[in-house]
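Inspection log for the structure reproduced underneath, given as structure tokens.
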Amino acid sequence: MDSEASLSAYTPDQVKKGEKLPERISSIAHNVEAGEKLKLDLVTENVAEVTTAIKGKTLEKFVVLGSMGMYATLNELRSDGQQLMILEQRIAGGKNDYDIGVRPEALATAMSSFAWNPEAQKLQRGYVGEGRQMVDLMGRGELLHFPWRETNINGVTFFVQSPEEMIFEKMTALINPGNEDTGEARMREVKWGVDTKLLKTYLIMKNGWTEAQTEEHLASKWNDYIEDTRYQGVSGLSQEVETGKPVAEVVKEVIQKRLGKEQVDNPKQELLAIFGQQSETLVDTLLQSSTGSDFYVAMKNLLDQRAGGKLAYTEATSKATTEFNKLIAPSN
């Protein structure tokens, strides 16, 4: 295998006819027993049923995330009846859960609409409708430059992320998977690299592009993704400061919402716990902001320090490729 090309797209033939994928795609695998059906047929039928059940319970706009959102997106390539046999192995090795996103501020309303009990609401996990499928609900904002897009399965329409957002999300996870809720480092997953390749193939087949054109397109969208994800919500907070709301109060409310804390007594201490003691000067500057624009700049500087420098698309691709290659390298 050419290590420099391991995150390149699969060929259309590989997607249609099948291709041996790396072993242990996901650290948690729940195979789908489809009987005589194709696994993709069963999975997409289930997605249609789950989204129909959710629509019947809440008026909140929602998006299908994760692998199910990707399967629904790739399913669009079957308009001519062509099968996508590579997905049979991808589904077999996947976690195959149902991740649903709603606006963070709509989480409580949605869970109440589902009639989840207090324990389910605490876990943000429960059954919707007849209870055949378990749903994980999470707060997810719609990105400015990557609006959710509608897709259709068996006459049921629902929203999925754009393929570009999914690709960038998976590349970013390969580069820096972050931490689990327990604070432990999150494991990198082979599926993030496999899915990056699959979604690049989707762009090629859907748009009639070459791989070079696809990479040029992704490079042109990368900075928008960085801006949207790193600074999401900062504009709204700076507007609150501009209208006269005390900075300390704005910060307290954000920490309470993000960390689930009932009370925040010392916003500086909380910010230092999040961003590190080395950020004290930046934290002080933020808390001393006198205008909305000052707050915006200070918040961006704080987020930039935590995230590190902005990678160019080529650098991000190189780093993600390196991490993917480590995951699929034969163990001696």
Side-chain angles (χ1 to χ4, degrees), residues 101-111 118 121-124 136-146 165 168-169 172-188 222-311 315-316 319:
V102 297
R103 293 175 300 114
E105 58 270 28
L107 272 171
T109 302
M111 289 189 289
Q121 293 198 33
K122 181 180 178 181
L123 297 172
Q124 295 180 202
D136 288 303
L137 196 66
M138 54 195 69
R140 180 60 67 94
E142 192 169 1
L143 301 184
L144 176 64
H145 294 95
F146 302 87
E165 181 183 357
F168 295 151
E169 195 171 75
T172 302
L174 280 171
I175 297 167
N176 181 13
N179 296 322
E180 302 284 1
D181 294 338
T182 59
E184 295 181 2
R186 187 182 179 197
M187 287 178 58
R188 289 182 173 86
W222 174 251
N223 283 339
D224 288 337
Y225 178 75
I226 297 298
E227 292 288 321
D228 284 359
T229 53
R230 186 174 292 188
Y231 308 130
Q232 190 176 27
V234 175
S235 294
L237 297 177
S238 63
Q239 287 171 8
E240 291 184 38
V241 173
E242 194 64 38
T243 59
K245 192 169 184 177
V247 171
E249 194 63 31
V250 172
V251 172
K252 284 181 181 180
E253 289 181 3
V254 171
I255 294 172
Q256 286 172 328
K257 288 179 183 178
R258 296 291 171 88
L259 301 184
K261 294 199 171 189
E262 294 183 4
Q263 185 173 341
V264 173
D265 297 319
N266 188 329
K268 178 175 178 177
Q269 182 178 343
E270 296 286 351
L271 287 172
L272 289 176
I274 295 170
F275 293 101
Q277 293 296 323
Q278 74 277 6
S279 302
E280 185 172 8
T281 300
L282 292 175
V283 167
D284 287 339
T285 301
L286 176 73
L287 294 174
Q288 293 164 12
S289 301
S290 57
T291 66
S293 58
D294 288 345
F295 180 91
Y296 184 83
V297 171
M299 193 72 230
K300 285 183 69 173
N301 288 339
L302 196 55
L303 292 169
D304 284 344
Q305 175 172 289
R306 183 186 187 189
K310 296 180 187 178
L311 293 176
E315 295 174 298
K319 286 180 178 291

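- Here the closest heavy-atom approach between residue Pro104 and residue Gly141 is recorded as CD-N, 4.1 Å.
- Of all non-hydrogen atoms in Ile175 and Ala316, the two that sit nearest each other are CD1-O, 3.5 Å.
- Closest heavy-atom contact between Leu302 and Ser279: CD1-CB, 3.8 Å.
- Taking Phe295 as the reference, nothing meets the ring pair (Phe, Tyr, Trp, His ring centres under 6.0 Å) condition, with sequence neighbours excluded.
- Considering all non-hydrogen atoms of both residues, Leu303 and Arg230 come closest at CD1-O, 3.2 Å.
- You'll find the side chain of Leu287 reaches within 4.5 Å of the side chain of Leu271, heavy atoms only.
- Two residues are said to be in side-chain contact when any heavy atoms from C-beta on lie closer than 4.5 Å; Thr291 and Glu242 meet this criterion.
- Contact record, Asp228 with Leu144: OD2-N, 3.4 Å, taken as the closest heavy-atom pair.
- Between Trp222 and Phe168, the two ring planes are perpendicular [angle over 60°; tilted spans 30° to 60°].
- Side chains of Met111 and Lys122 form no contact here, defined as non-hydrogen atoms less than 4.5 Å apart.
- For the atom pair Gln124 CD and Leu107 CG, the distance stands at 5.0 Å (nearest 0.5 Å).
- Distance check, rounded to the nearest 0.5 Å: CD of Glu240 to CD of Glu249 gives 10.0 Å.
- Distance check: Glu165 CD to Thr172 OG1 gives 10.0 Å after rounding to the nearest 0.5 Å.
- In this structure, the side chains of Glu169 and Tyr225 come closer than 4.5 Å at one or more pairs of heavy atoms.
- Between the CD1 atom in Ile274 and the CD atom in Gln269 there is a gap of 11.0 Å [rounded to 0.5 Å].
- Applying the salt bridge (charged side-chain N to carboxylate O under 4.0 Å, His left out) rule to Lys319 yields no partners; only residues at least two apart in sequence or on another chain are considered.
- Considering all non-hydrogen atoms of both residues, Ala298 and Leu286 come closest at CB-CA, 3.7 Å.
- Legend: residues meeting side-chain contact (heavy atoms from CB on, under 4.5 Å) with Leu272, ordered by chain and number and at least two apart, are Lys268, Gln277, Glu280, Val283.
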